[in-house]
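Any value given below was found using the heavy atoms of this structure, including those in side chains, with hydrogens, waters and symmetry copies removed. The chain is numbered in sequence order, starting from 1.
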Amino acid sequence: MKFIKLFSVLFLALFLFNFTPKKDNKPTLFMVGDSTVKNGKGLGDGGLWGWGDYIGQFLDTTKIKIENHALGGTSSRTFQDKGLWTAVLNKLKKGDYVLIQFGHNDDGPLNDSLRARGTIKGIGNETEEIDNILTKKHETVHSYGWYIQKVVREAKAKGAIPIVCSPIPRNDWKDGKVPRNNKSYGLWAKQIAKKEKVTFIDLNDKMSVELEKLGEAKVTGTYFYKKDHTHTSAKGAVLSASVIINQLKASKNSLKNYILENPKIVLPAKKKVFLIGDSTMADNKDVNAVGWGVSFPKYCDTTRIEVINKARGGRSTRTFVYEGLWDEVKNQLQPGNFILIQFGHNDAGAVDKEKLRGSLKGNGDETQEVTRPDGTKETVHTFGFYMEKFIREAKEKGAIPIVLSQTPRNEWPNDKVERRADTYGKWSKDAAEKEGAFYIDLNDIVALKYEALGKEKVKVFFPKDHTHTGEEGADLNALTVAESIKKLKECNLKDYIEIPK
């Protein structure tokens, strides 16, 4: 019995020895900074990214861990006052790395009711006593350099390896050059790094050099957006990260040992927006009959979304299905795609003769069997049936449908633009509501714009006939679609729309 007990104890000890999780001794690269290091939650909201979101793609993450603790809106002072640095400091161990970049927000007021995040300029030891209006606390404010030095020294005390970066440049240009901050925060960051004998990366100057190689026209709209001169796009964030990596390679800092020789950089996949409809939306290759879908991409952030115009002239809901055009689009749909659906102009045609494109009126389940010229039978459904089919099957693919009523014609009964609110507009809306899709009453919104402009101005929009717009009319309709999407509170497509101010 004693032998059995002894054997059991030994077996248990051996089991525990072999299966006790091994301590992870991999070093961690911590990042502290503002929104140019991590924008928002680091998910690319508004298309804006920080370089800290991409630097991990340049490193061998089987050998080093990455933690981006940067927070938008913080300065070197408030990052510490909010306890964010303490949270990092408590996790630091010997051999870890800390990438530090502050400065964009340090230039604000020392004390105000909005953010109270400014620091005293320079690297000196001067202080200012304040009763913080925002936090309601008494506070001693120090210089920018003092706060950076504090982070560096406390990281070193834990055996970690701090690396100081100057703030990335803003997308401001003067005479073909990007202004540097080498007389302010860039200089002060460099001075602290030198004083503390730690690696300094002049991210501001080196990134400015790369931007100047590209030129302002190429940089704006690709690496930065026109709407924001401070925060980078995904491509801009990758550029920032690549500058840091290249500077590390040229340094003596041991972090360079974790840099991949051939990194594969993956940018966020573009969202896709499909358009299906008739000639009032399609690219008809005719300057006198331009669908609004041709102009629509100019109101979209096409660095993040791709507009795919699958509308086809002369088609109704029925023929779009019968000819296989819908199946072609449906088979391309992926979760998270958007699809804009607009029909009605051709659905009023004959059901059983001529172009065989008319659908039955309404949203009901009634059908009509039609014999086609080749002798085959076709079961024709209602306009609403087909619209519901588009919506339902798009949602089954994980796509997000947006239904629009048809564009108004240049017809003015009783000096008012003709509406079709009781027919195709109503049936479109009913289909959207039944299937849970977004709906835009484009017919009425554009009609109101036409009436405000007057008959003579609107006449110019229709160079060919009363249905098809030229370029100017198509652009007005496209802008109206973009404005309407922007107002859809629960629809994420609004985040990809850019309306010129």
Side-chain angles (χ1 to χ4, degrees), residues 275-282 284 289-293 296 311-321 340-351 354-364 366 368 380-391 401-435 437-455 458-459 461-462 464-470 473-474 476-481 483-485 487:
L275 312 184
I276 64 169
D278 54 41
S279 56
T280 61
M281 179 194 275
N284 305 301
V290 182
W292 61 260
F296 183 65
R312 190 78 65 87
R315 271 55 180 188
S316 63
T317 54
R318 167 190 171 186
T319 54
F320 205 82
V321 171
L340 275 56
I341 307 166
Q342 180 191 64
F343 287 95
H345 281 293
N346 300 314
D347 280 81
V351 173
E354 298 172 355
K355 297 180 179 180
L356 295 173
R357 65 183 183 184
S359 58
L360 302 181
K361 292 177 171 51
N363 294 76
E366 57 268 33
Q368 179 178 333
V380 180
H381 299 268
T382 62
F383 172 80
F385 171 91
Y386 293 112
M387 291 293 282
E388 289 168 20
K389 175 182 173 70
F390 298 146
I391 299 166
I402 302 171
V403 176
L404 304 99
S405 56
Q406 67 196 84
T407 55
R409 291 182 167 97
N410 185 30
E411 295 181 344
W412 298 68
N414 302 316
D415 290 326
K416 293 288 184 181
V417 175
E418 180 199 37
R419 269 58 158 193
R420 296 200 173 189
D422 296 330
T423 56
Y424 293 100
K426 178 181 183 301
W427 302 332
S428 295
K429 183 179 181 181
D430 289 346
E433 289 180 348
K434 181 179 178 181
E435 295 296 332
F438 294 103
Y439 176 70
I440 294 171
D441 192 353
L442 187 64
N443 184 270
D444 186 59
I445 299 168
V446 173
L448 289 170
K449 285 189 175 185
Y450 284 177
E451 289 166 358
L453 291 168
K455 288 183 183 180
V458 172
K459 185 179 180 180
F461 295 161
F462 293 86
K464 185 175 184 177
D465 52 38
H466 67 353
T467 302
H468 301 95
T469 55
L476 181 141
N477 289 340
L479 174 60
T480 306
V481 171
E483 291 171 339
S484 300
I485 291 171
K487 294 176 182 177

Heavy-atom closest pair, residues [X] and [Y]:
X: Arg357; Y: Gly314; value: NH1-O, 3.0 Å
X: Ala474; Y: Gly291; value: CB-O, 3.8 Å
X: Pro408; Y: Phe462; value: O-CZ, 3.9 Å
X: Arg318; Y: Ala350; value: NH1-O, 4.1 Å
X: Ala437; Y: Pro401; value: CB-O, 3.8 Å
X: Tyr439; Y: Ala432; value: CB-CB, 3.9 Å

Exercise. Can Phe296 and Met281 be said to form a side chain to side chain contact (heavy atoms under 4.5 Å, CB included), step by step?
Worked result: CA-CA 9 Å; Phe296 183 65; Met281 179 194 275; over 6 Å; no

Would you call [X] and [Y] a side-chain contact if the rule is heavy atoms closer than 4.5 Å?
X: Leu442; Y: Gln406; answer: no
X: Thr317; Y: Asn346; answer: no
X: Asp465; Y: Arg409; answer: no
X: Ile485; Y: Ile440; answer: yes
X: Val481; Y: Leu404; answer: yes

Problem set entry | Intermediate values then yes/no, salt bridge (charged side-chain N to carboxylate O under 4.0 Å, His left out), Glu451 and Arg419 | CA-CA 12 Å; Glu451 289 166 358; Arg419 269 58 158 193; 2.4 Å; yes

Exercise. Picking from Ser428, Ser484, Ser405, what satisfies side-chain hydrogen bond (donor to acceptor under 3.5 Å, both in side chains) with Asp441?
Worked result: Ser405

[X] side chain to [Y] side chain, donor-acceptor N/O pair below 3.5 angstrom:
X: Thr382; Y: Asn363; value: no
X: Ser279; Y: His468; value: yes
X: Asn414; Y: Trp412; value: no
X: Asn477; Y: Thr407; value: no

Exercise. Once the angle between the rings of Tyr450 and Phe461 is folded into 0 to 90°, is it parallel (under 30°), tilted (30 to 60°) or perpendicular (over 60°)?
Worked result: tilted

For this session: On the 0 to 90° scale, with breaks at 30° and 60°, tag the Phe385-His381 ring pair as parallel, tilted or perpendicular.
Result: parallel

Decide, yes or no, whether a salt bridge links [X] with [Y] under the criterion of side-chain N to carboxylate O below 4.0 Å.
X: Lys434; Y: Asp430; result: no
X: Lys459; Y: Glu411; result: no
X: Lys449; Y: Glu483; result: yes

Problem set entry | Passing option when Gln342 is tested against Ile276, Thr280, Val403 for side chain to side chain contact (heavy atoms under 4.5 Å, CB included) | Thr280

Exercise. Judged by atom type as modelled, is there a donor-acceptor pair below 3.5 Å linking the side chain of Asp347 to the main-chain atoms of Gly358?
Worked result: no

Exercise. Are the side chain of Tyr386 and the backbone N or O of Val380 linked by a donor-acceptor pair below 3.5 Å?
Worked result: no

Exercise. Aromatic ring centroids of Phe343 and Phe390 under 6.0 Å?
Worked result: yes

